[in-house]
Amino acid sequence: MEKTPALILAPLPDFLMQPLLAAHVCHDYFHAADKAALLAQVGGEIRAIVMAGGSVAPVPLLEQLPRLEIMSVFGVGYDGVPVDWCKAHGIRVTNTPDVLTEDVADTASALVLMTSRQLIAANRFLHAGSWLKGAFPLAHALHGKLAGIVGLGRIGKAIARRLEAHGMRIAYHGRTQQDVGWEYHASLTELARAVDYLVVACPGGAATKHLINAEVLAALGSKGTLINIARGSVVDEGALISALQNGTIRGAGLDVFENEPQVPEALLQCANAVLLPHLGSGTHETRAAMARLVVENLAAHFSGQPLLTPVC
Ligand code: NAP
């Protein structure tokens with residue numbers, strides 16, 4: 001079968017690039033020194049785009065690809081894809097839901113444990129030889145505490161199940177109340193006021209930009225901790241840094257940032273923040289399953305079969 005031309009918008013792992021190269025003529029837009037020249041040369045032929053969850057495909061770029069048929073996202077979050085524009089232009093979009101849910105939920109519950117029990121600081125304490133001089137300070141228990149999930153979707157529910165196993169109570173906020181046994185808060189600020197841990201697991205994009213702002217952080221309060229495994233854009237990072245510096249909230253556990261991989265120096269300096277380099281789904285097993293979905297969605301499209309995991 002003839003290889004279809006594809007534009008690669010993100011740095012992709014070898015275990016994804018190899019099957020892509022077997023089925024497509026891949027043009028590496030991400031690493032291209034002269035992106036405009038690459039588009040002028042091959043833009044007219046491109047029929048597929050492959051990108052990562054965190055990457056962005058702006059409309060002006062897509063307008064230069066008149067034969068584009070499908071965009072396959074290596075991730076569940078597709079906030080970098082102009083979905084309405086794609087729908088209007090008949091371009092299919094796929095993502096990689098479900099296969100990453102358990103790993104991302106593990107990461108969120110690990111952040112809850114690391115922040116509550118001060119495990120990162122305790123590890124540093126022992127490595128520094130400080131145990132010989134005295135005991136590590138007491139931390140905070142999880143059991144009996146209330147966790148508020150912002151965005152009770154696939155990942156949010158998996159997080160809730162894990163936190164229940166730690167003896168925590170669960171509440172949640174989203175645009176709609178769901179048929180679940182957990183307490184619903186129509187107001188995000190009221191949820192923040194009620195909980196000890198506010199765990200963000202909603203999609204990124206314009207609709208949720210800076211949903212977690214200074215008002216929500218003030219409501220979370222000095223005994224509250226913010227956990228974000230969703231997207232950096234959901235949290236007003238400037239407001240968060242001030243809240244961490246001033247003790248407005250007790251701490252934060254973050255896997256995602258507004259301008260990755262750049263993390264503000266002021267946030268790096270916050271001893272009450274546990275910071276991870278966007279590794280939520282970063283296991284061999286899950287990334288391999290995600291890669292298979294990317295490849296199989298493209299194969300399904302170009303052989304006229306139904307898409308496995310369509311966004312639109
Ligand atoms: P999902 O099943 O679609 O769940 C999203 C949830 O967010 C839904 O329950 C939805 O409920 C809620 N939501 C949507 N808009 C909202 C808003 N404006 N305010 C509050 N809640 C809102 O998605 P998922 O598979 O759980 O993934 C969730 C997100 O996790 C992804 O979009 C991605 O950004 C992030 N993620 C991060 C990593 C990582 O490595 N850190 C990995 C994978 C995914 P309602 O419709 O009722 O509002």
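Everything numeric here is computed off the predicted structure, so don't read it as measured data.
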* To do: Decide, yes or no, whether a salt bridge links Arg193 with Glu190 under the criterion of side-chain N to carboxylate O below 4.0 Å.
  => yes
* **Student check: side-chain heavy atoms of Leu39 and Leu61 closer than 4.5 Å** => yes
* Asked: Do Arg287 and Ser281 come within less than 4.5 Å of each other through their side chains, counting heavy atoms only?
  -> yes
* Taking every non-hydrogen atom, the tightest pair across Cys86 and Met71 -> SG-SD, 3.7 Å
* To do: Begin from the C-alpha positions of Thr96 and Val73 and carry the test side chain to side chain contact (heavy atoms under 4.5 Å, CB included) through to its verdict.
  => CA-CA 7 Å; Thr96 64; Val73 181; over 6 Å; no
* Structure fact -> Between the NZ atom in Lys157 and the CG atom in Leu152, the distance rounded to the nearest 0.5 Å is 4.5 Å
* Under 4.0 Å between a Lys/Arg side-chain N and an Asp/Glu carboxylate O for Glu102 and Arg154? -> no
* To do: Verify side chain to side chain contact (heavy atoms under 4.5 Å, CB included) between Lys87 and Val93, making sure each step is shown before the conclusion.
  => CA-CA 9 Å; Lys87 282 182 187 160; Val93 178; over 6 Å; no
* Lys35 charged N/C atom sitting above Tyr29 aromatic ring, 6.0 Å / 45° -> yes
* Student check: side-chain heavy atoms of Asn95 and Asn297 closer than 4.5 Å -> no
* Taking it one step at a time, do Phe136 and Gln118 satisfy side chain to side chain contact (heavy atoms under 4.5 Å, CB included)? -> CA-CA 10 Å; Phe136 186 71; Gln118 298 291 308; 3.8 Å; yes
* Residues Asp196 and Lys223 bridged, charged N to O under 4.0 Å -> no
* To do: Please work out whether the ring planes of Tyr184 and Tyr172 are parallel, tilted or perpendicular, with thresholds of 30° and 60°.
  => tilted
* Asked: Can you tell me if Glu215 and Thr189 form a side-chain donor-acceptor pair at under 3.5 Å?
  -> yes
* Asked: Side chain of Thr101, backbone of Pro97: donor and acceptor closer than 3.5 Å?
  -> no
* Backbone of Leu126 reached by a side-chain donor or acceptor of Ser130 within 3.5 Å -> no
* Are the side chains of Ser222 and Thr248 in touch, meaning some heavy atoms are under 4.5 Å apart? -> no
* Determine which pairs satisfy ring-ring contact (aromatic ring centres under 6.0 Å, His included) with at least one residue from residues 58-116, sequence neighbours left out, and list them in order. => Trp85-His89
* In terms of hydrophobic clustering (I, L, V, M, F, W, Y; side-chain heavy atoms under 4.5 Å; direct or indirect links), are Leu308 and Val76 co-clustered? -> yes
* Structure fact -> To the nearest 0.5 Å, atom CG of Asp14 lies from atom CE of Met17 at 8.5 Å
* Are any of the side-chain heavy atoms of Thr115 and Arg250 separated by less than 4.5 Å? -> no
* Taking side chain as C-beta onward, heavy atoms only, is Ile149 less than 4.5 Å from Trp182? -> no
* Distance-only polar pair, side chains of His140 and Ser116, donor-acceptor under 3.5 Å -> no
* Asked: Among Glu69, Arg47, Glu296, Arg92, which one satisfies side chain to side chain donor-acceptor pair (under 3.5 Å) with His301?
  -> Glu69
* For Asp28 and His31, does a side-chain donor sit closer than 3.5 Å to a side-chain acceptor? -> yes
* Determine whether the side chains of His166 and Glu164 contain a donor N or O and an acceptor N or O closer than 3.5 Å. => no
* Asked: In terms of hydrophobic clustering (I, L, V, M, F, W, Y; side-chain heavy atoms under 4.5 Å; direct or indirect links), are Val311 and Val99 co-clustered?
  -> no
* What are the two closest non-hydrogen atoms of Leu307 and Cys312, and how far apart are they? -> CD1-O, 4.4 Å
* Check: Lys3 side chain, Leu21 main-chain N or O, donor-acceptor pair, under 3.5 Å -> yes
* So does Leu268 have more than 12 non-hydrogen atoms from other groups sitting under 6.0 Å from CG? -> yes
* In sequence, state the C-alpha distance, the side-chain angles, and the governing distance for Asp106 and Arg162, and then conclude on side chain to side chain contact (heavy atoms under 4.5 Å, CB included). => CA-CA 8 Å; Asp106 282 348; Arg162 280 159 175 74; 2.6 Å; yes
* Asked: Roughly how far apart are Met114 CE and Leu275 CG, rounded to 0.5 Å?
  -> 10.0 Å
* Asked: What distance do Arg175 atom CZ and Thr208 atom OG1 have between them, rounded to the nearest 0.5 Å?
  -> 9.0 Å
* Is it true that Val274 and Ile227 fall in one hydrophobic cluster, defined by side-chain heavy atoms closer than 4.5 Å? -> yes
* Does a donor on one side chain and an acceptor on the other come within less than 3.5 Å for Asp255 and Thr107? -> no
* Does the side chain of Leu9 come within less than 4.5 Å of Leu7's, by heavy atoms? -> yes
* Asked: Between the main-chain N or O of Gly205 and the side-chain N or O of Lys209, is there a donor-acceptor pair closer than 3.5 Å?
  -> no
* **Heavy-atom closest contact (Leu211 atom, Cys202 atom, distance)** => CD2-SG, 4.2 Å
* Structure fact -> When every non-hydrogen atom of Leu198 is compared with those of Ala192, the smallest separation belongs to CD2-CB, 4.1 Å
* Would you say Leu276 and Ile155 are hydrophobically clustered, going by side-chain heavy atoms of ILVMFWY under 4.5 Å? -> yes
* If two hydrophobic side chains count as joined below 4.5 Å and joins carry through other members, does Val235 share a cluster with Leu191? -> yes
* Just by modelled atom types, is the Ala52 backbone N or O under 3.5 Å from a matching donor or acceptor in the Ser55 side chain? -> yes
* Structure fact -> Closest non-hydrogen contact found for Val199 with Ala108 is CG1-CB, 4.5 Å
* Asked: Got a second to check how far Leu111's CG is from Leu113's CG, nearest 0.5 Å?
  -> 9.5 Å
* Is there a side-chain contact between Asp236 and Leu240, using heavy atoms and a 4.5 Å cut-off? -> no
* Which value, rounded to the nearest 0.5 Å, describes the distance between Gln64 atom CD and Leu38 atom CG? -> 10.5 Å
* Indicate the atoms forming the closest heavy-atom contact of Asp79 with Gly204, along with that distance. => CB-C, 3.6 Å
